[in-house]
Amino acid sequence: MGLKNQLRSVIQWENPNQYDLFIKFTDNGNEIKNASKLIIGPGQGCLFTYEGRIEGVFEQEGIYDLKTGNFPFLTTLKRFFTLFRDADSEHKTGLWFYRKADILNIRWGTRSPIKYNDPIYTFPVALRAFGNYSIKIIEAANFFSNVVAGEELFAVSEIQEILLSRIVQPITDYLANAKFSYAEIDSNVVEIANFSKEKTKTIFTDLGFELLDFRIEGTSFDEETQERIGRIADINADVQAAKLAGLEYSQMEQLKALRDAAKNEGGIAGLGAGIGAGMQVGNMMGMNQNIGNQPQSATQNGEDSMMKLKKLKEMFELELISEEEYKEKKQEILDSM
């Protein structure tokens with residue numbers, strides 16, 4: 001190999017990957033010659049270490065001539081590479097290029113559910129969330145010391161665990177105190193995300209980077225929580241249906257039980273249950289109409305009778321009462337009009 005090929009004329013970050021945060025420069029056996037140049041590209045920085053210590057950080061883009069005396073540190077850098085490149089040397093040097101530009105839309109998602117007590121339903125729920133965030137290295141030396149720790153390649157994916165381990169707890173604390181119920185989470189995700197970002201701002205700054213934004217794109221509750229909420233929703237629907245039918249919820253439940261008993265293929269027992277169901281439902285209807293024992297006008301009495309006839313017919317069509325019972329009860333209502 002000729003002398004020309006043994007001299008390194010340019011030091012730069014070649015073909016940078018958008019997902020690489022820090023990458024160590026290697027000279028691949030080429031000497032750095034006296035006129036070598038260090039090129040810092042747009043959105044890049046460069047950090048120099050000597051014997052395990054950070055000796056300098058280049059944050060401005062441009063071309064730096066290693067030969068001139070205008071940059072004493074670079075002259076020293078050239079000397080370190082030319083004098084102490086022996087693998088057995090005690091003097092260890094290193095150059096790390098790093099991404100100074102914003103790193104956008106990094107995906108995140110909770111590995112385990114965030115658990116808190118729902119303030120309305122008063123039972124524990126488990127919430128999962130996912131979204132994206134953006135970061136920027138603002139203190140390269142701190143980031144290198146606290147996060148990279150000398151790795152020759154440090155990628156964006158490696159920072160995800162750092163963020164999740166520090167941002168999940170603020171989300172949990174916020175949900176516990178904000179008293180957002182199951183149905184209110186999706187309408188408050190922006191507020192939750194902003195709180196979590198501000199709560200952890202100083203933590204990330206101390207590590208050497210800034211959390212530019214943190215977004216929650218979607219949430220989901222665990223299967224057990226959804227089943228519980230589903231059962232509660234069914235009960236609420238039954239309560240509303242009972243009100244529309246002019247019955248108490250407990251009476252509606254009795255009606256369901258009686259109807260099921262009437263449909264049970266139990267022969268005479270099922271027939272008896274059907275007759276009993278008709279009598280009990282009839283009594284319930286009578287109780288609903290007689291509460292208060294207050295006098296009613298002729299118009300009110302007529303409307304109540306019509307309602308009774310309508311309900312009585314529905315019960316007959318549902319086979320809760322026999323035809324004989326239906327006719328008997330129908331006649332009683334007509335006589336009272």
Side-chain angles (χ1 to χ4, degrees), residues 18-22 54 98-151 153-232:
Q18 63 176 322
Y19 298 110
D20 290 342
L21 290 181
F22 269 79
I54 298 174
Y98 66 90
R99 183 180 177 88
K100 195 173 65 176
D102 297 351
I103 304 154
L104 307 175
N105 299 324
I106 307 172
R107 308 299 303 175
W108 71 274
T110 52
R111 287 190 175 86
S112 58
I114 300 171
K115 297 182 179 181
Y116 69 100
N117 287 326
D118 189 287
I120 292 181
Y121 298 111
T122 66
F123 56 71
V125 296
L127 173 71
R128 290 185 180 275
F130 64 91
N132 70 80
Y133 61 95
S134 301
I135 66 171
K136 180 178 183 178
I137 297 174
I138 55 175
E139 292 288 344
N142 284 355
F143 192 93
F144 184 83
S145 299
N146 297 321
V147 182
V148 179
E151 288 188 35
L153 175 62
F154 189 89
V156 169
S157 59
E158 297 182 66
I159 206 170
Q160 291 176 320
E161 181 62 35
I162 296 172
L163 182 133
L164 284 176
S165 63
R166 288 161 176 79
I167 209 162
V168 168
Q169 190 58 50
I171 295 177
T172 304
D173 294 341
Y174 186 72
L175 292 175
N177 294 305
K179 300 190 182 304
F180 290 142
S181 185
Y182 170 90
E184 299 173 319
I185 290 295
D186 288 341
S187 60
N188 288 280
V189 292
V190 174
E191 184 177 346
I192 298 169
N194 289 339
F195 172 86
S196 302
K197 176 176 176 289
E198 289 301 315
K199 192 71 173 178
T200 55
K201 187 175 182 178
T202 57
I203 297 175
F204 297 131
T205 300
D206 291 342
L207 290 174
F209 71 96
E210 179 183 0
L211 187 62
L212 300 176
D213 62 53
F214 178 77
R215 301 173 184 175
I216 300 175
E217 297 178 1
T219 61
S220 63
F221 286 87
D222 66 307
E223 186 175 342
E224 182 178 357
T225 297
Q226 294 185 44
E227 288 179 355
R228 286 179 171 178
I229 298 297
R231 290 197 296 269
I232 292 173

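Note: hydrogens, waters and symmetry copies are ignored here, and every other heavy atom, side chains too, is used. A quick note: this is a predicted structure, and the numbers were derived from the prediction, not measured. Sequential numbering from 1 along the given sequence is applied to the chain's residues.
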For residues 185-192, dump all side-chain donor-acceptor pairs below 3.5 Å to protein atoms at least two apart in sequence or in another chain.
{"unit_1": "Asp186", "atom_1": "OD1", "unit_2": "Thr219", "atom_2": "OG1", "d": "2.6"}
{"unit_1": "Ser187", "atom_1": "OG", "unit_2": "Glu184", "atom_2": "O", "d": "3.0"}
{"unit_1": "Asn188", "atom_1": "ND2", "unit_2": "Glu184", "atom_2": "O", "d": "2.7"}
{"unit_1": "Glu191", "atom_1": "OE2", "unit_2": "Tyr174", "atom_2": "OH", "d": "2.5"}

Does [Y] offer a backbone N or O that forms a donor-acceptor pair with the side chain of [X] under 3.5 Å?
X	Y	value
Gln226	Phe221	yes
Glu158	Ala155	yes
Arg166	Ile162	yes

Inset, instruction - Begin from the C-alpha positions of Ile229 and Phe123 and carry the test side chain to side chain contact (heavy atoms under 4.5 Å, CB included) through to its verdict. - result: CA-CA 10 Å; Ile229 298 297; Phe123 56 71; 3.7 Å; yes
Are the side chains of [X] and [Y] in touch, meaning some heavy atoms are under 4.5 Å apart?
X	Y	result
Leu21	Phe209	no
Gln160	Tyr133	yes
Ile171	Phe214	yes
Ile216	Trp108	yes

Inset, instruction - Enter the distance from Ile103:CD1 to Gln18:CD here, rounded to the nearest 0.5 Å. - result: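 Spacing of CD1 (Ile103) from CD (Gln18) equals 10.0 Å.
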Legend entry - Pairwise distance OH(Tyr182) to CD1(Ile120) - rounded to 0.5 angstrom: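 One finds 12.5 Å between OH of Tyr182 and CD1 of Ile120.
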Considering residues at least two apart in sequence or located in another chain, which fulfil the side-chain hydrogen bond (donor to acceptor under 3.5 Å, both in side chains) criterion with [X]?
X	value
Asp173	Gln169
Thr110	none
Glu161	Arg111
Glu151	none

Legend entry - Residue pairs passing the side-chain hydrogen bond (donor to acceptor under 3.5 Å, both in side chains) test where at least one lies in residues 118-132, sequence neighbours excluded: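 Sorted pair list: Asp118-Ser181, Asn132-Glu217.
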Legend entry - Nearest atoms (heavy-atom pairs only) where Val125 meets Asp222: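 The answer is C-OD1, 4.5 Å.
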Among residues at least two apart in sequence or on other chains, which ones pass side chain to side chain contact (heavy atoms under 4.5 Å, CB included) with [X]?
X	result
Leu104	Asp102, Ser134
Asn117	Pro124
Lys100	Tyr98
Ala183	none

Inset, instruction - Mind checking salt bridge (Lys or Arg N to Asp or Glu O under 4.0 Å) for Arg215 and listing every partner two or more places apart, or none if nothing turns up? - result: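 Arg215: salt bridge (Lys or Arg N to Asp or Glu O under 4.0 Å) contacts with Asp213.
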Listed pairs under 3.5 Å, donor-acceptor, residues 140-148 side chains, sequence neighbours left out:
{"unit_1": "Ser145", "atom_1": "OG", "unit_2": "Ala141", "atom_2": "O", "d": "3.0"}
{"unit_1": "Asn146", "atom_1": "ND2", "unit_2": "Asn142", "atom_2": "O", "d": "3.1"}
{"unit_1": "Asn146", "atom_1": "ND2", "unit_2": "Asp206", "atom_2": "O", "d": "3.2"}

Inset, instruction - Return yes when atom OH of Tyr19 has more than 12 non-hydrogen atoms of other residues, nucleotides or ligands closer than 6.0 Å, and no otherwise. - result: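 Incorrect, the count does not exceed 12.
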Legend entry - Intermediate values then yes/no, side chain to side chain contact (heavy atoms under 4.5 Å, CB included), Ile167 and Leu211: CA-CA 11 Å; Ile167 209 162; Leu211 187 62; 4.0 Å; yes
